[in-house]
4 protein chains.
Amino acid sequence: MKKREVPASVKDERLVKKRRNEMIKGAISLFKQKGFHRTTTREIAKASGFSIGTLYEYIRQKEDVLYLVCDRIYDEVRERMEKDIDTHHGTIESFKLAIAHYFRVVNELQDEVLVMYQEAKSLTKDSLPYVLNKELQMVGMFENILQACVQNGVFELTEQEIQLFAHNIFVLGQMWAFRRWALHKMYTLEEYIELQTDLLLRGILEKRS
Amino acid sequence: MKKREVPASVKDERLVKKRRNEMIKGAISLFKQKGFHRTTTREIAKASGFSIGTLYEYIRQKEDVLYLVCDRIYDEVRERMEKDIDTHHGTIESFKLAIAHYFRVVNELQDEVLVMYQEAKSLTKDSLPYVLNKELQMVGMFENILQACVQNGVFELTEQEIQLFAHNIFVLGQMWAFRRWALHKMYTLEEYIELQTDLLLRGILEKRS
Amino acid sequence: MKKREVPASVKDERLVKKRRNEMIKGAISLFKQKGFHRTTTREIAKASGFSIGTLYEYIRQKEDVLYLVCDRIYDEVRERMEKDIDTHHGTIESFKLAIAHYFRVVNELQDEVLVMYQEAKSLTKDSLPYVLNKELQMVGMFENILQACVQNGVFELTEQEIQLFAHNIFVLGQMWAFRRWALHKMYTLEEYIELQTDLLLRGILEKRS
Amino acid sequence: MKKREVPASVKDERLVKKRRNEMIKGAISLFKQKGFHRTTTREIAKASGFSIGTLYEYIRQKEDVLYLVCDRIYDEVRERMEKDIDTHHGTIESFKLAIAHYFRVVNELQDEVLVMYQEAKSLTKDSLPYVLNKELQMVGMFENILQACVQNGVFELTEQEIQLFAHNIFVLGQMWAFRRWALHKMYTLEEYIELQTDLLLRGILEKRS
DNA sequence: TATGAATGAGCTTTCATTCAT
DNA sequence: TATGAATGAAAGCTCATTCAT
């Protein structure tokens, strides 16, 4: 699925990129504080360092900003994941590392994840599929890792189980961001990583030391 | 923590209750479709079957509707849970039943759960704590069940692990609602219940038949 | 000019009188605090000790309350004036006493005078003449006193001068109420009375002891 | 005491000045007819020649219009006074001229004076002091004139008497506007000026030709 | 006669979007 | 390409008034 294009009046591609970067940065910081709906286009323009008129040279509607922001956040998460993660090792160790790394990325991009998490539903029917697709791609990353492990005989999981497990990992990672009001009081990030990894791997039926 | 009171101009308590029920019902159906911010007070009034003036006899601000809605949804979920769930049995069977029951309740109240899930963040600083507190109470329900199992020697879990596990169950239940765009294509509810229960209990390290 | 009648649905004249008294009392205290426009009919009803429905049994419109209030305040001032003032003596002493008495009445009914003063303009075209007429009657009182003095040879004033002088006295009395923010810091009531009387009588050209 | 600043969204200072002038002009004409409370912001915008949105680019709240109006009226009165009045001559003639001039200014700005007079009380607690302060400054102008006369030995007045006298002049001037319903039937402006000057100066005790 | 729930016109204010400069 | 003044639809909310009980 191709990126949805957000048309700009300005022709200079490099300029568009530059301005949109400023825009996204400004918008994220605002959405963090007050959410998409309570943020005005004027505020976005100001936070981006240009005028309201200029803002509209690079987007058509306010909602475009949200799309751009969501798009960017996913790219950011993906990028950080791909830089350090190997999806085809197929060992427990690599699996654990992948989870730990994902959780740390979520932790670093906590605010961003939260924004996307809470505001994605405000996307129009048009843009939503593009964003959901990106989410599926990320889930797919975990599926690949699990698949490799299964192929290596490390785990024994059906295809269905793999998919669900991948979703679980993805959501349990985000959970660190969207339930921080509860979790951060109870655990440090590293404790959270260890506990979750442990629960995921061994289940709870019986404890082995 | 006591309920936050939403003051009404109308004195007749029974009438207040009745009208607010109509209001909540109307509002949920609107919030489902367009979210809190895109729903106008006039629409809420209309969907509730009375005029805008009357609406404001029963609330002070638009945000009160959201609070009332969230409050109601939690009560609804809790009520259904408490009716059929026994938190002190402490057997695997009762644990499984609790999960299955919770997942089914989420399934029935899918739209409501989704609404609360997506709109709770729009609550004011005032009301948010009350709603979060209700959420913690629900998590507490799962903690109790787990605790009973641990005391019966069925599971071996530390206090920390119990808490996290309870959060996981809670979120994985909600997940059936907020990721339905992906999950409902893959599983029926009963499959989802069985798979999740299985993953939660046995972990994935090794499969036993 | 006859009193403008404010029609009531209730027939019992004594009841109408009683309820309107409560109403006027409540309304004055509210108008003092927030002015006519910022006071709601509900507030008036509450302050009067009955329900909004009942309020409308005794008036037709909100503006009726204002008329009733203005009417009452004038009656109050007049009554207090007439009780203690003799308009036909025609001596300087009686003139001075009249002024002093008037100023003291204004002082006692300060808030009421202020209300009438500030809100009278909100009366409808219908009621305004009745109220202005009452004002002219009060001015007439001072005209009579001055006339008596002139006839006694105490003052030497033309008819035109008498009329203007009467207006001046009337306004300079009210001034104690509507400029209290400035005057009360500078003078006590008695000082104010003495100074004004002195200025009015002797003028300022030359001082005699 | 510095002017209270009314913030505008529009940056161009000259434009702000121009638009606010249009606004003030439109608002005064409306306030004259129906008073501040019965005038809507839309009406103000329309009378000013721009849209409601534009109105709010130049003020924050409706009350700002009232403040701007009151502020302007005082400036207008002051300006006209200062242009033609000499406060330090200290002769009877200059005193008489000052009064006559002031009364003529009130006459010219009759509607404006009336508006300010009747609506000032609707100013918020915030702005009121600024406006009252302007009023005191105007009173101060008369104090100066009187002071000069006293120093020249023309009048014999204590400090207290000067202050009160200045207030009297100020109010008796405004009276020409706010009691015009009565006074204009009785006198022409010039008659009013002459009569008032005469009464103020000589008092009424005895008449000298 | 007294009540107070219901009404909806109408208010102030905001803000996404446009367009002349 | 950049600006920001102008726009007006539409939002949240109030309150005088009515009328069934």
Side-chain angles (χ1 to χ4, degrees), chain A residues 8-12 15-16 19 37-46 49-65, chain B residues 8-12 15-16 18-19 37-45 49-65, chain C residues 8-12 15-16 19 37-46 49-65, chain D residues 8-12 15-16 18-19 37-45 49-65:
Chain A
S9 307
V10 172
K11 295 295 162 247
D12 181 341
L15 193 50
V16 171
R19 289 272 185 262
H37 281 107
R38 296 199 209 276
T39 300
T40 69
T41 50
R42 280 173 138 96
E43 286 170 329
I44 295 171
K46 191 170 187 185
F50 37 77
S51 73
I52 181 69
T54 302
L55 181 71
Y56 274 86
E57 296 290 321
Y58 295 94
I59 55 162
R60 280 168 320 164
Q61 308 176 62
K62 186 186 176 191
E63 195 260 344
D64 288 343
V65 180
Chain B
S9 303
V10 171
K11 304 282 177 65
D12 183 341
L15 192 52
V16 171
K18 186 183 152 215
R19 289 271 182 265
H37 281 107
R38 295 200 208 277
T39 301
T40 70
T41 50
R42 285 185 140 82
E43 287 170 329
I44 296 171
F50 34 78
S51 72
I52 181 68
T54 300
L55 180 71
Y56 276 89
E57 294 284 315
Y58 295 92
I59 55 163
R60 277 170 322 168
Q61 307 177 57
K62 187 186 177 192
E63 195 260 344
D64 287 343
V65 180
Chain C
S9 306
V10 172
K11 294 296 160 246
D12 181 342
L15 194 49
V16 171
R19 290 274 184 261
H37 281 106
R38 296 199 209 277
T39 301
T40 68
T41 50
R42 279 171 138 97
E43 287 170 330
I44 295 171
K46 192 170 187 185
F50 36 78
S51 72
I52 182 66
T54 302
L55 181 71
Y56 274 86
E57 296 291 320
Y58 295 93
I59 55 163
R60 278 168 321 164
Q61 306 177 62
K62 186 187 177 191
E63 196 260 346
D64 288 343
V65 180
Chain D
S9 303
V10 171
K11 305 282 177 64
D12 183 340
L15 192 52
V16 171
K18 187 184 151 212
R19 289 272 182 264
H37 282 107
R38 296 202 208 274
T39 301
T40 69
T41 50
R42 284 189 137 78
E43 286 170 331
I44 296 171
F50 33 77
S51 71
I52 181 66
T54 301
L55 180 71
Y56 276 88
E57 294 284 313
Y58 295 92
I59 55 162
R60 277 170 322 169
Q61 304 177 60
K62 186 187 178 190
E63 195 260 343
D64 287 343
V65 180

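None of these values were measured; they are calculated from a predicted model. Chain A is the first sequence line, chain B the second, and so forth, proteins listed ahead of strands; every chain is numbered from 1.
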Taking the minimum atom-to-atom distance to the side chain of [X], which one of [options] wins?
X     : options               : answer
B/V10 : F/dA5, E/dA5, E/dA2   : E/dA5
A/R42 : F/dA6, E/dT1, E/dA5   : F/dA6
C/I52 : F/dT3, F/dT17, F/dC13 : F/dT17

May I have the distance from [X] (atom [atom1]) to [N] (atom [atom2]), rounded to whole angstrom?
X     : N      : atom1 : atom2 : answer
A/D12 : F/dT1  : CG    : P     : 6 Å
A/D64 : E/dT17 : CG    : P     : 9 Å
B/H37 : E/dA16 : NE2   : C1'   : 16 Å
A/L55 : E/dC19 : CG    : C1'   : 15 Å
B/R60 : F/dC15 : CZ    : C1'   : 18 Å
D/K11 : F/dA5  : NZ    : P     : 7 Å
C/Y56 : F/dA20 : OH    : C1'   : 18 Å
A/K62 : E/dT18 : NZ    : P     : 15 Å

Under 4.0 Å from OP1 or OP2 of [N]: is there any side-chain N or O of [X] that close?
X     : N      : value
B/R19 : E/dA6  : yes
C/Y58 : E/dA2  : yes
D/T41 : E/dT12 : yes

- Do the rings of B/Y58 and B/F50 sit parallel, tilted or perpendicular, given the 30° and 60° boundaries?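 Geometry flag for B/F50 against B/Y58: tilted rings.
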- Task: Answer yes or no: is there an ion pair linking B/E57 with C/R42, defined by an N-O contact shorter than 4.0 Å?
- Result: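 Answer for the salt bridge query: yes.
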- Residue mapping more 5' on DNA chain F - nearest nucleotide basis, D/G49 or B/E43: D/G49
- Message: Strictly distance-based, threshold 3.5 Å: is any side-chain N or O of B/K62 a donor or acceptor partner for the main-chain N or O of B/T39?
- Response: yes
- Task: Hunt down the Watson-Crick or G-U wobble partner of F/dA5, both distances under 3.5 Å, from any strand shown, or write none.
- Result: E/dT18
- In the strands shown, is E/dC11 matched to any nucleotide by a Watson-Crick or G-U wobble pair with both distances under 3.5 Å, and which? F/dG12
- Note on the structure: The residue, C/S51 or A/E57, whose nearest nucleotide of DNA chain E is more 5′ is C/S51
- Please figure out whether D/T39 or A/G53 has its closest DNA chain E nucleotide nearer the 5' end. D/T39
- Message: So B/T40, base contact, sugar-phosphate only, or nothing? Heavy-atom distance under 4.0 Å.
- Response: sugar-phosphate
- Message: Once you apply a heavy-atom cut-off of 4.0 Å, does B/R38 come out as touching a base, just sugar-phosphate, or nothing?
- Response: nothing
- Message: As a test of understanding, state which of D/I59, D/V65, D/I52 forms a side-chain contact (heavy atoms from CB on, under 4.5 Å) with D/T41.
- Response: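 Exactly one pass, corresponding to D/I52.
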